[in-house]
Each structure stands twice: as structure tokens, then as C-alpha cells.
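Residue numbers start from 1 in every chain, and the chains themselves are labelled A, B, ... in the order their sequence lines are given, proteins ahead of strands.
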Amino acid sequence: MAELSKAYTPKDVEGAIYERWLAADVFAPDGAGSTADPSLPPFTITQPPPNVTGSLHLGHAQRTAVEDLMIRHARMRGHRALFLPGLDHASIAAQVVLDRILAGEGESRQSLGRERYLERMLEFVETTRGVMLAQQRRVGASADWGRLRFTMDDGSARAVRVAFERLFRADLAYRTEALVNWCPGCRTSVSDLEVVPTPETGTLWNVRYHLIDPKTGEPDPTETITVATTRPETILGDTAVAVHPGDERHAGLVGRVARIPFVERDVPIIAEERVDRAFGTGAVKITPAHDRDDYETGLRHSLPAPTILADDASVANTETVFDGMDRYVARSEIVAQLEARGDLAGSKDHEMVIGRCQRSHDVIEPRLKTQWFIRTTPLAERALMSTRSGRTRILPERFEKTWEHWLANIRDWNVSRQLWWGHRIPAWYCPDGHVTVASAEGGPDACEVCARPAAELQQDPDIFDTWFSSGLWPFSTLGWPDDTPDLSTYYPTTVMETGYDILFFWVARMMMLGLELTDVEPFHTVCLSGLIRDPEGQKMSKTKGNTVDPLGAIDESGADALRFSVIHGATPGNDQRFGAAKLEHARNFANKLWNAARYVVGARPATIPADAERRLPAGAHLGPAERWLLSRAAATVEAVDGAMTDHAFGEVTRLVYDAIWSEYCDWGLELAKVRLADETVPLEAREATWWTLVEVLDTYLRLLHPVMPFVTEALWASLPHRASDPDLLIVARWPASGARDATAEVAVGALIELVRGIRNARAEAKLEPARWLPVDVVVPVGLGTTFEALRPAVERLARARPLERRLTREALAATAGPTDLAVIAGELEALVRAGVGGDPASGSSALNRARLGRELAEAEEWLAAARDRLANESFISRAPAAVV
RNA sequence: GGGCGGCUAGCUCAGCUGGUUAGAGCACUUGCUUGACAUGCAAGAGGUCACUGGUUCGAGUCCAGUGUCGCCCACCA
């Protein structure tokens, strides 16, 4: 048994314990220290791999805490519990970070070139990776580090290639020219999910386009059609003007031709149902290459679609003076020139929603590009069937609605990225334009169509969206596409725990790809956590400077406190605010537990050797307080099991917290102290008291271990163990719920009420707390034994001595004096012989009257309510018998 | 424009499938160097459960609507 230091210092406790776990090899389900029962089904959690972009934030710590809680619980229940850790290469996010670092060095992606850039990235990732893994260990993640995976490692790379080839062969991946979301800052396309709609005030300009005089073929100086636009620079790419077919203002214009200024292009005026007559001028300029709606219109009307923006969003290919200008410079220049020509018909402020890049916050430009897409509709259909059938559950359930809506309206997924850091798309093109997709590591031998040798083929320069490799995570980490023992044992994942903010980004993609590629749901349960916000409810962000560094919190209060605080305040799927107060609360609790255990260890009767093997207290020697403690522990185990089943982890912490603090410490230990010190109590009974304290503390340490693994492990080491127990709590068994003892719970509960009542009366009478007062009490026959057994404890706790037992109320009433304080605690009635105040009016009788009057009023109110209910015939006839 | 969520004590939040007198932490008041713990102990004050209507013997809990704050989705230039 280990010694416990007087003061609880998390720092000293935590580092050493993590090392012990590592040394004992208990994290891996098949590790040397595992006590798993192979006959039970395995339990798998694949960690949502954090981005290797720097360091963990509080959200990661919370994520890790919840996942680790589930894993530790499963491990203690005897399951082969695999917590598979990992890191995500985070393609675009990592490039944004590295680009910023490079910018500080006067370098850039372009200046380095692809090869050197990737070298720099590997260096960068190598350092952050170490930092991040160390952070996870500090949090206490009992992950199987031997199975650590990275989305850029060879296994992932192969999984990506094989997955893509299979999708291609199944016609679920295709390459086409389409309008994509282009981020000029990141110089890549991004998926629809990465475009953040941002409300902004822009300007709506009205621009006159001159109609072509059919006779001369030249623009008419007076006959015009006015279009409204928020992006005048796109005028350079206009290939039509559209009006609503039923719009009388423009009747007769359809079929005529207008001239686009600057590019001097003559374009048709077309009729389009989708034009909103009420908006702007009712006439819309059509720019097929730079607007989603216009693109559709362009297809319907076979319009040309000239691209007028370069990769950096400067104007290009227009053969105007604007070529080379940034899009916004060109915009103001065009407006100025329109005004000079007299073709600007006005402008006004306009509230609109602009798409910005999730990473760089640049305004996204729709652009035509030839790229790879995943055909999502059939995949989404299967994903929906999985959740509808209940084969995969989403918790909390309300997210299923969002899930349904998103998957039912899904659009094809653009997976090409014009970035460097990521998995290169395994597609090769031959000079004739044939496409060859090959998953072999070295690429294809020849063009699939024309058999040209590999040397003449060009690989696609693009890489995959980072979420493509993440989407394979639950199975790529276990060896897929090979049929490895790990894959057959630990796949599908039992619980997928993650934040609701990546439900679509990640969970939906894993579901779609998992079902298609492995033919089974990749996980049984999706457990969605909320986000952590700052004390004001703001989202934490580095730019706002309101982030909490988990390591700082751990240094200050310990990993146990951090874990407790993020789990305690959380309801599944709901955001929580996090501040110093919560951390402090948790730290105090750890300290409380430490001291309680320290007391128990120190209270061992001298007759029990320090290295004694744990004995279950003999029933005959158990007093009511001991039976009460054991029964309350059984109740707590039962309640905790229920909360665990519901994934209500906040409830788990509340239950254990209350049991330990309000029951075990406040009453259990206080009652036991008296008995342990009482020489008149038989030795066996005192030993039984101590063994009960040990037994119940042991139970609570087990229940709390998944939440606060370090302090519980440390304290457990100081308690005597059973012969069947392993050396470490982490692999000890979860407690079975024992039998309840209703008699003890009721009886001890009544005496606790009596103590409270006496304390209350004493406090109101402003008596010195230290003074011992004589108290007489009426004890109902049923409570007699319990009262006698606990009399010394009640005396001490209530500072009541002598505590005389009066069997009848009459006997008590007969001796009541004007200076006595009356106490009613349920069935127990007591008189505190306070001996204060000679004057009945200002002394105790006044106090009695006031207090008892209040209590009487409450009781009568309750009684009246109860009588009313019972008098109500429909209540009696309809309410269940138990309630009546 | 759709959808979802929050609104419970001064603050942060629990309250599961409706059932006696709605809870916790922090803050507050009054006392305590009580031999595990002042990171603590004891006692206390504090709530028309956002609002309106309904269902029910009974509603914080279920239904309808309103307000308010927030989130997600959505192609109106």
C-alpha cells in the first residue's frame, strides 16, 4: 500500500501514474497487462484525429476526456477496449498554418516549390506531432499508442488509393468540368461545406446595357436594358441577359441582342422563369463561368462560358485594360468607367450573404474547373437507410433530423484540391486524354485505354480533400483493405464520439465511404458532443484570445480536475461555457476525495495489519451506518450504470460527486469516526466499520476512475485489495451493483434528519456551536435499535449530551420547559434543553413558536394538498397505486 | 425561406419515459483554527421553471401558439 502525502498535489500524482500504466502495458486490449475477458465483445473507439497543425485546445481535451471515459469504463467491464489514437494531416488547414510561418520568413509556397515545400511540411508536422501526443498523455488518454495512426502514413495512403480506384470502377468517382468553389487565397477549390455564408453589406449597381439596333448592328445610344449586379467585374464574362418571360416591362426584348461593355460582346436577351421580377430591375446579367445559377442558365441556353478570373482572382483573358487587375480593383475601375460613359443607372447598399473560405476567409469565387467528384447520391441513400433502420444510432436523437435533411439534399462532392500537402490523386492521363486510375503504389503500367506506356502518362497534380482520407479512418486504421485480424476484431467501431460541428464533414463521409467500401456501418453509435465556449458564451478562437490552454489548466489544477470539469458541465450535443470556477470546483472535489481516502487509510484499527488482504465485512458485525453506506453505494452503482448506458456522462459525475461528498464524507465518515474511537464497541465491529469504509471507498474509486483516472488510481493503491484484484485500478473490475437495504436507508436517514434538526434549532437560537446541550428525544419503536447503535455518533454530531431516549411523546411533553427548543424530524421529536432566556416571550419559546409555526404551516400545506388529492375520486381511481 | 436548440435561484447549469415540498456549483448571509480536508465544516436566504392557451386527477416535464437569444441548412443577381 502506498503512502499518501498530506497535501493533494496533482502534478506529483499524475506523471508517475501515467508511466506506471505505460509500463504495465494496460492500454492495448491485447497488452501484457490487459485483464480483458475475450468472451466479451470488443469495444472500439477510433479517435477523431486532431489536426497536426499545432497544439491541442480545450475542445480536444474535452473530446479526449469523454472518449477516454468510455474506453476506461469498457475496459473495466472486461471488454477488449481499443482506443485507437491518431493524427490528421489536415491538408488545407496545415498549409494555411505553414504558409503563415513561411510568410514570416519571407518565403512562400510558390517560392519554395512543391518538393521543398513538402519537406518543410514534414519537418513542421514532426515537431507538432510530438507536442500533440505529449498533450494527449497529459490529459490521461489511455490510448493504444502502439496502434497510433496518421492520415498520411503508408497504410492510409494505400487505403486512399484503393478506395478511390474502387469508387472509380463503380462509377462513383468521376472527372468533369464543373463550377467549383474557388478560394483565391488558398489557390484551390473547396467543398460546399468549406464555404461559410457570411452576411455583409455590399452594393447593388444598376448598369445599362445598350441594345443592338437590328438595322445597323450597332448599339443603340438610347435603347437600353438595365441589369442589377453586386459584382460588376463579372460583366466581362457575361454571355446573356435574362428576364422573366411574363415581365411586361421587358416584353418584346426577348430575342434581341445587347452589347456587353468593355468586352464589346453581343449577347442574347433570353427568357428565364427563375428571374425574380421583384428584384432589382427584373433583368439579370448572365455570367455562366462565375455564378452557380448562371451556370445552369448557360447550360439550358447553350451559352458560352468564358472564364475571366485567374487563380489569384485577378481579371484575365478578357483582352481589356482590366486584365491583370485584382477583382476588386477591376470592380471599382469598371464602376468608374461605367459612370463616365453614363451607363451607370444608380447604386444602393445591399444586404447579402457572401461565401467566404472557412480557412482563409477570402471571398469564394465560383469558377469552372475540370476536377474529380464523388457521386454522393447513392452513397447517401445507404447512409440514410442505416440510421433509419437503427443500425447506426445518432445521439442525441435530434441530430438525426439534420442528418436526414443534409443527406437527402446532398450534392456531389468535389474532392480535388490544388494543394500539395495530401494524398495525390491516383489518376493518370495519356496524351490522348484517356484516364487511368490505379491503386498500385507505383502507378499504372500503361494507359488503360490505349496501352501507352506509363512513361507517357501524366499523374493528376491535384490531391484529395483531407476529409477523403479521414472518411476512411475507422477501417483504414485497422489495416483495410487487407483483411487483418484487427479489422475483423475491432471493426466496426462501437462508438464514434465527436463534435456536432463535423457531423457532415466527417461522420457523414465515414458513413458513406464505410458502407460502400466495407459493406457495413462503420460504427454503431454516434455520440455528438457540444462545443466549449468561453464564460461569456463566445466561441473560443485564437484570434479572439479567449482560448483556454488545456496544459495550463492541467498545470494549475490537474488533469483529473480538467476532465471532471469538462464532463461534469456537459449535456450531449449542447455547448457548455467553461471558466476558472468550474476548474476550481473540480480541483476541490479531487482534494476532498484525497483527504477522505487519507483519513480512511489512517483510521485503520491497529489490529488490522497494514498489508492485510481485503475482507468483506461480516454481516453480523455491521451496524446500521455500515449497512447504510453499503446500500447507498449499491444505489449509486445502479444509478451510474443507468447514466452510462444513456451516455449521460455529466450525470455520471454528478452522481458520484454527490455520493462521495454528501453521503460518504458528510455522514459516512463522520458516523464512522465516532464508532472507530469508541472503546466500548466490540473490536470485530470496529474492524467491520473500517472494512466498510474501505469497501465503499473502493467502489467509488472504481466508479470515478473513468472520469478522474489519476487520483483514483493513486488512492486505490493505498487501499487493501482483494486477492482477485490486479495491481492497477485501470484494469480492475467495474463494481457490480449490490443489494439495497431499505431498512438501514430509512432509519439512518431519519437520524441524519434529527442531527440536522438539532443543528438547525441551535443555530437559530444562536447558541455557541461548541456547547454540549442535553437533548431528549422521542424514538418510535421501529427506530429503537438504530438509535441505540448510533446514539454516540448522533450525540457527537449534534453536540447533544446527554441524549436521552423518551419512548413516549407524553413523557417528553410533560417535562417541556420554557427554555427548551423543540425539534421535529420526521417521526423523531426532540427537545433541546437549551437553558436560554428566562423570559418565555423573548427566549426559546418564541423561537420555538416561530420555527415550529413555519414547519407546521409547511406540513399542513403538504397535508392539505395530499388530502385534496386523496379526496379527489378521479385521482384515486386513475393514479397508479404506488403514488396513492 | 426551411430546420434545430436554449430560455429553471444573482451567475453557470442538472432535472430520464408527467407523480409528494424543483436541485447542484459559484456568488451571498451567519457562525466555526470540531484531529481527513479552510481546496474545508455547520446553518441559512434566494425560483410566478420566458409568455399564452390546451390535454390530464396531476405539467418545469406532453401538445399548440407567441416572444427572445443562438446554431445549422438554403442558388435570389
Side-chain angles (χ1 to χ4, degrees), chain A residues 4 6-8 197 204 227-231 234 242 274-276 278-281 283-287 291-296 350 352-353 366 396 398-399 401-402 404-406 409 500-501 503-504 530-531 535 537 539 557 561 568-571 573-582 584-603 642-643 646 648 650-651 654 657-658 662 665-666 669-670 673 677 755-756 759-764 766 768-770 796-797 799 858-859 861-862 865-866 868-869 872-880 882-884:
Chain A
L4 294 180
K6 183 153 167 46
Y8 165 60
L204 185 66
V227 298
T229 181
T230 56
R231 295 190 297 158
T234 61
R274 73 161 180 92
V275 174
D276 179 356
F279 187 91
T281 60
V284 186
K285 56 190 277 311
I286 301 297
T287 322
D291 182 278
R292 200 172 286 280
D293 288 335
D294 293 2
Y295 181 68
E296 302 289 322
H350 182 61
M352 55 188 189
V353 175
R398 65 183 141 90
F399 283 101
K401 216 164 196 174
T402 331
E404 279 274 339
H405 183 260
W406 191 76
N409 297 289
Y500 67 75
D501 55 329
L503 182 63
F504 305 140
L531 273 34
K539 220 169 178 168
S557 308
H568 181 73
T571 313
N574 284 12
D575 295 352
Q576 65 167 317
R577 299 181 188 200
F578 187 88
K582 290 191 175 174
E584 202 178 312
H585 175 227
R587 199 250 342 245
N588 293 353
F589 176 50
N591 181 67
K592 182 78 178 178
L593 181 64
W594 181 272
N595 282 293
R598 207 160 61 82
Y599 167 75
V600 172
V601 170
D646 294 345
E651 183 65 10
R654 278 185 288 279
Y657 175 93
D658 284 344
S662 309
C665 291
D666 286 354
L669 292 186
E670 294 308 320
K673 276 179 190 172
V755 172
R756 284 209 176 106
R759 284 171 170 175
N760 178 349
R762 178 202 280 278
E764 274 199 22
K766 302 219 186 296
E768 305 135 66
R796 160 100 183 264
L797 296 182
R799 293 236 144 204
E858 272 174 27
E861 208 173 289
W862 178 81
D868 279 0
R869 253 197 310 279
N872 189 330
E873 221 170 282
S874 48
F875 171 71
I876 301 205
S877 56
R878 296 186 205 193
V883 178
V884 181

Q: Just name whichever nucleotide pairs with B/C62, Watson-Crick or G-U, keeping both distances under 3.5 Å, else none.
A: B/G54
Q: Classify the side chain of A/Lys592 and the base of B/C37 as holding, or not holding, a donor-acceptor pair under 3.5 Å.
A: yes
**Q.** A/Asp666, nearest nucleotide to its side chain (from B/A36, B/A77, B/A42)
**A.** B/A42
(Q) I want to confirm an ordering. Mapping A/Tyr8 and A/Lys673 to their closest nucleotides on RNA chain B, which one lands closer to the 5' end? (A) A/Lys673
Q | P gap between B/G23 and B/A43, integer Å | A | 16 Å
Q | Length of the CD-P vector between A/Gln576 and B/A24, whole Å | A | 21 Å
Q.
At 4.0 Å (heavy atoms only), tell me whether A/Glu584 reaches a base, stays on the sugar-phosphate, or touches nothing.
A. nothing
**Q.** A/Leu797 backbone acceptor or donor facing A/Arg759 side chain under 3.5 Å
**A.** yes
(Q) If I take atom CH2 in residue A/Trp406 and atom C1' in nucleotide B/A74, what distance separates them, rounded to the nearest angstrom? (A) 14 Å
Q | Atom-pair distance (CG on A/Asp575; P on B/C7), nearest Å | A | 13 Å
Q.
Applying a 4.0 Å non-hydrogen cut-off, can you work out what A/Thr571 is touching in the nucleic acid: base, sugar-phosphate, or nothing?
A. sugar-phosphate
Q | B/A74 to B/G18 separation - P atoms, rounded to the nearest Å | A | 36 Å
Q | Any donor-acceptor N/O pair, A/Asp291 side chain to A/Thr287 backbone, under 3.5 Å | A | no
Q: Pick the P atom in B/A42 and in B/C26, then give their distance to the nearest Å.
A: 12 Å
(Q) Measuring from the side chain of A/Asn760 (C-beta onward, heavy atoms only), which nucleotide among B/A43, B/C4, B/A77 has the closest atom? (A) B/A43
(Q) Does B/G40 have OP1 or OP2 under 4.0 Å away from a side-chain N or O of A/Asn595? (A) no
Q | B/U34 versus B/G40 - spacing of their C1' atoms, nearest Å | A | 12 Å
Q) Do the side chain of A/Glu670 and the base of B/A42 come within less than 3.5 angstrom through a donor-acceptor pair of N or O atoms? A) no
Q. Would you say A/Lys582 reaches B/C26's phosphate, i.e. side-chain N/O to OP1/OP2 under 4.0 Å?
A. no
**Q.** Between B/G53 and B/A59 - P atom distance, rounded Å
**A.** 14 Å
Q | B/G18 - base-pair partner by Watson-Crick or wobble geometry, distances under 3.5 Å | A | none
**Q.** Protein-nucleotide distance (A/Leu4, atom CG; B/C37, atom P), rounded to Å
**A.** 13 Å
(Q) Does a side-chain N or O of A/Arg762 approach OP1 or OP2 of B/A42 to a distance below 4.0 Å, or not? (A) no
Q: Considering only atom P, compute the distance from B/A45 to B/G70 and round it to an integer number of Å.
A: 37 Å
Q | Rounded interatomic separation in angstrom, taking CZ from A/Phe399 and P from B/G6 | A | 10 Å
Q.
The side chain of A/Lys401 is closest to which nucleotide in this list: B/G3, B/A77, B/A43?
A. B/G3
Q. Taking the six-membered ring of A/Tyr599, is the NZ or CZ of A/Lys673 close enough (under 6.0 Å from the centre) and on axis enough (within 45°)?
A. yes
(Q) Side chains of A/Asn574 and A/Tyr500: any donor to acceptor distance under 3.5 Å? (A) no
**Q.** Separation of atom CZ in A/Phe279 from atom P in B/C76, rounded to whole Å
**A.** 11 Å
Q | Identified pairing partner of B/G1, criterion: Watson-Crick or G-U wobble below 3.5 Å | A | B/C73
Q) The side chain of A/Asp276 lies closest to which of these nucleotides: B/U39, B/C76, B/A36? A) B/C76
Q: Quick one: label A/Ala596 by what it contacts on the DNA or RNA (base, sugar-phosphate, nothing), any heavy atom closer than 4.0 Å.
A: base
Q: For B/A64 versus B/C75, give the span between their P atoms, rounded off to a whole number of Å.
A: 29 Å
Q: First locate atom CG of A/Leu503, then atom CZ of A/Phe399, and finally report the distance between them rounded to the nearest 0.5 Å.
A: 7.5 Å
**Q.** Interatomic distance at P, B/U20 relative to B/C62, whole Å
**A.** 16 Å
Q) Hey, does the side chain of A/Thr402 come within less than 4.0 Å of B/C73's phosphate (OP1/OP2), counting only N and O? A) no
Q.
Tell me if a side-chain donor or acceptor on A/Arg598 pairs with a main-chain N or O of A/Leu4 at a distance below 3.5 Å.
A. no
Q: Report the distance from atom CG of A/Leu531 to atom P of B/G6, rounded to the nearest whole Å.
A: 16 Å
(Q) Please classify the nucleic acid contact of A/Leu204 as base, sugar-phosphate, or nothing, using heavy-atom distances under 4.0 Å. (A) nothing
Q: State, to 0.1 Å, how close A/Ala643 and A/Glu651 come at their nearest heavy-atom pair, and which atoms those are.
A: CB-CG, 3.9 Å
Q. What nucleotide among B/A43, B/A77, B/C41 has an atom nearest to a side-chain atom of A/Ala763?
A. B/A43
Q.
Testing the basics here: between A/Leu204 and A/Thr230, what is the closest heavy-atom pair and its distance to 0.1 Å?
A. CD1-CG2, 3.7 Å
Q.
Is it the case that B/A36 (base atoms only) and A/Lys6 (side chain only) share a donor and an acceptor within less than 3.5 Å, ignoring hydrogens and angles?
A. no
Q: Using a cut-off of strictly less than 4.0 Å, decide whether A/Arg587 has a side-chain nitrogen or oxygen near OP1 or OP2 of B/U39.
A: no
(Q) Tell me which nucleotide, if any, is Watson-Crick or G-U wobble paired with B/U39 when both distances must be under 3.5 Å. (A) none
Q: Kindly point out which of B/C37, B/C72, B/C41 is positioned nearest to the side chain of A/Phe504?
A: B/C72
Q.
Under a 3.5 Å cut-off for both contacts, is B/G10 paired Watson-Crick or G-U wobble with anything, and if yes, with which nucleotide?
A. B/C26
Q.
Just the rounded figure in Å: distance from P of B/G70 to CG of A/Asn574.
A. 17 Å
